[in-house]
Each structure stands twice: as C-alpha cells, then as structure tokens.
Amino acid sequence: MKYIVLIGDGMADYPIPELENKTPLQVANTPNMDLVAKKGISGTVKTIPDNMPPGSDVANLSVIGYDPSIYYTGRGPLEAGSMGIKLEKNEVAYRCNIVNVESGIMIDYSSDHISSAEAGELIEFIDEKLGSEEIRFNAGVSYRHLMIHKDGSKSLQCTPPHDITGKKYEEYLPKGGGQDIIRFLMDSSLAILEDHPVNKKRIKENKRPGNMIWPWGQGLAPDMPTFAEKYGITGAVISAVDLVKGIGYYAGLDIIKVPGVTGYLDTNYLGKAEYALEALQGRDFVLIHVEAPDEAAHAGDINSKIKAIEDFDSKVVGTILNGIEGREFMLLVLPDHLTPISVKTHVHGPVPFAVCGTEIKKDNIDSFCESCAASSKIQFSRGYELLSYLISKCGK
Ligand SMILES: [Zn+2]
C-alpha cells in the first residue's frame with residue numbers, strides 16, 4: 001500500500017465578494033482534486049487546536065498525525081532538524097534572525113534579505129566573539145540562523161521580529177527566566193556587528209546592515225515517535241519550507257531535494273510530483289507540501305492564488321494520480337490551514353480534505369471545496385486523528 005499526502009499550503013479561504021462570493025478553490029479549475037473527491041470521500045479536519053497559534057508548523061504536525069499540543073515545541077528545533085542538526089536533550093534551539101535596527105527601532109527583520117554568504121560571515125563572527133561552551137550559533141539561509149543554548153531557559157518569552165517592524169524594540173526584548181544572558185548577547189551583537197567589513201560594504205552599497213541578532217521561536221527537540229514506530233511504515237517528505245522538512249526529520253522521514261523548488265509561484269511543481277513517485281519505489285509514504293497558494297494569499301493576490309491552486313492541481317495532484325494508477329494506494333489532499341485573502345494571514349478553522357484509494361469507499365460529494373467538504377458528516381475535530389485513521393483503515 002502506498003500512502004500519499006498532498007498539501008496545498010493555505011489553499012482554503014472564505015467566500016470573496018470579487019469572486020461572486022465563491023472561494024479561490026471553488027473558482028479554480030481543479031479537475032484532479034475534484035476527481036479525488038468524486039472517487040472517494042470528503043470531510044473537514046481541524047488542524048490547529050483553538051489554543052495554539054495558526055502556523056504551518058502546528059498544522060503540518062497535525063496533518064501527519066502528531067498531536068501538536070504534545071509535540072510542538074517551537075520553530076527553532078524544527079529548523080535545526082531541517083538543517084540536519086541533532087539537538088541534545090538539554091539544548092534549546094532558537095531561530096536567530098540577523099536584523100536591522102536603527103535608533104532603537106526594528107527596521108527590517110531580514111536585513112534587506114541579506115545574502116547567505118554575507119550573513120554566514122556575520123554569524124561566524126558572532127559565534128567566535130559571543131559563542132561559549134553553552135551557546136553556539138549555526139549559519140542558515142539569508143537572515144535565518146540558529147542559536148543553540150545548552151541548558152537554556154524554558155520559560156523565556158520572545159517576540160518574532162517580523163511582528164514589530166517599525167516599533168521600538170526595547171519593549172519586545174526577551175522576558176522571563178534567563179532573559180539577562182540573551183539580552184546581553186543581543187546588545188553585544190549590536191555593538192560589534194555595525195563595524196564588521198560585511199556591513200561596512202553593505203552600507204556603501206546602500207543596503208541595510210545586518211547589525212543585530214534577534215533570537216526567538218525557541219524550544220527543545222520534540223520527542224516524537226518516528227513513522228516507523230508509529231505506523232510501521234517508511235516515507236519521505238518533499239517541501240521547500242524548512243519547518244515542514246524539520247517535521248519530516250523528527251518523524252524519521254527522508255527529506256528529498258528537488259531541483260528548482262522555490263516555495264513561490266515559480267516552483268518546480270512537476271519535479272515535486274515526479275520525485276515523489278520515485279520516492280515511493282522503495283518507501284510506503286510520501287508527503288508533498290506546496291507553499292505557493294499561501295504566499296499568494298499573504299500577498300492578498302486572488303488571481304495568483306487561483307493560479308497556484310490550478311498548478312498544484314494539474315502538475316502535482318494530476319501527475320500523482322496518473323503515476324499511481326493500477327497500484328494499491330491511498331491519496332489524501334488538503335490545505336494545512338486557511339489563509340484567507342481578506343485576512344492575508346493564517347486563521348483557525350476546519351479545512352476541507354478529500355481522500356481516495358483502493359480501500360476508500362465513495363460518498364456523494366463530487367468536487368473539492370470548502371462548502372462541499374463541510375456538507376459531509378465526516379469532521380475530524382482533532383486533526384492528528386485523520387492520518388492515523390486512514391492508515392489503519394487501509395492496512396499495510
Ligand atoms: Zn501553512
């Protein structure tokens with residue numbers, strides 16, 4: 001049995017007046033997702049518990065069957081996982097942005113999307129000057145890096161820098177147990193980064209200097225059972241997004257790199273599907289995560305969201321349906337969460353899913369959309385129960 005999960009990030013939406021009160025999913029031409037709904041069953045699933053933030057990390061944990069209220073420990077450890085960095089049990093991992101501040105104001109959480117090479121040099125310098133037995137820094141991509149704190153505080157409250165753009169950052173410095181050491185590192189970084197040759201060069205080129213570190217999103221490594229332990233199956237994950245790759249890492253899934261994957265509207269949809277089919281040669285499970293619909297929704301761009309959904313449908317869902325024909329399979333398609341165009345960010349609420357396959361019976365719902373799925377009797381209020389249910393139903 002082959003298990004396939006296809007996630008269109010943030011595809012679900014509210015009815016939009018400009019679309020005659022239809023949703024992008026309803027307006028988009030999606031013959032393949034409709035076929036999944038027609039051949040199989042539809043329903044809704046609540047991927048984000050009411051008391052948790054509506055992030056892709058929380059939602060994707062639910063989708064692959066892990067209760068986020070138990071296993072979600074923060075963004076930092078997931079990103080460490082995606083970088084293949086194994087955390088010890090006592091190590092707290094922070095996302096560490098290289099930010100740009102001026103006169104006490106958070107100007108840019110990304111330092112003008114600083115290049116990986118430049119930021120890498122700055123992080124290396126920070127590690128040399130401020131690193132210790134307890135604290136180390138690992139360079140990542142662009143402005144996104146890691147700070148790992150041995151026996152670090154578990155009660156510190158940090159604020160994502162993208163939430164305080166244009167504000168006085170003083171009020172948003174880390175608060176709680178262990179705040180002094182982290183604040184000291186941040187202050188020290190500000191004192192030493194400004195004059196670094198990389199920043200001097202950036203200032204000359206009229207780019208913003210990356211002149212401060214901003215740690216946040218911290219946590220211990222989640223202590224998750226792997227897919228092999230949980231379901232007795234092997235698998236792989238294909239995504240451009242670090243958080244999703246990190247979840248895959250902790251779930252013991254292979255992380256498959258596909259050339260040309262961007263996380264944006266120009267991503268290599270077809271390559272993702274082709275690599276997924278190949279991954280299934282020697283494995284039982286594959287997850288494809290496509291970020292593009294979410295990006296379009298964050299931008300409030302209705303047409304791009306519809307286009308992203310149509311590309312996901314034809315190039316990913318269609319390619320997989322064709323490739324899997326004649327084999328024993330279960331195929332689940334869904335968004336991880338709602339990203340309504342009108343809100344431009346993630347919100348709570350149940351999302352539609354459709355699943356078809358050898359062991360899946362047929363209901364009377366013939367297309368894939370929010371209201372179609374809501375008309376089903378099948379509604380999973382605990383999102384993490386959906387995949388476990390489907391895998392146990394289909395057998396190995
Ligand atoms: Zn998402």
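Each residue takes its place number in the sequence, starting with 1. Please read these numbers as outputs of a predicted model, since none were measured by experiment. Order of appearance sets the numbers: ligands from 1, and atoms from 1 within every ligand.
- To the nearest 0.5 Å, the span separating CG on Leu146 from CE on Met83 amounts to 4.5 Å.
- The angle His337:NE2 - the Zn ion (ligand 1) - Asp9:OD2 amounts to 150°, with values rounded to 10 degrees.
- For the Zn ion (ligand 1), the N/O/S atoms of Thr339 include none lying under 2.8 Å.
- The backbone N or O of Gly74 sits nowhere less than 3.5 Å from a side-chain atom of Asp57 that would complete a donor-acceptor pair.
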Might you work through the salt bridge (charged side-chain N to carboxylate O under 4.0 Å, His left out) test for Asp50 and Lys46, ending with a clear yes or no? CA-CA 9 Å; Asp50 291 333; Lys46 210 167 144 186; 3.1 Å; yes

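- Nearest N/O/S atom of Asp336 relative to the Zn ion (ligand 1): this is OD2.
- Remark: Cys158 engages no residue in a disulfide bond (SG atoms under 2.5 Å apart) (not counting sequence neighbours).
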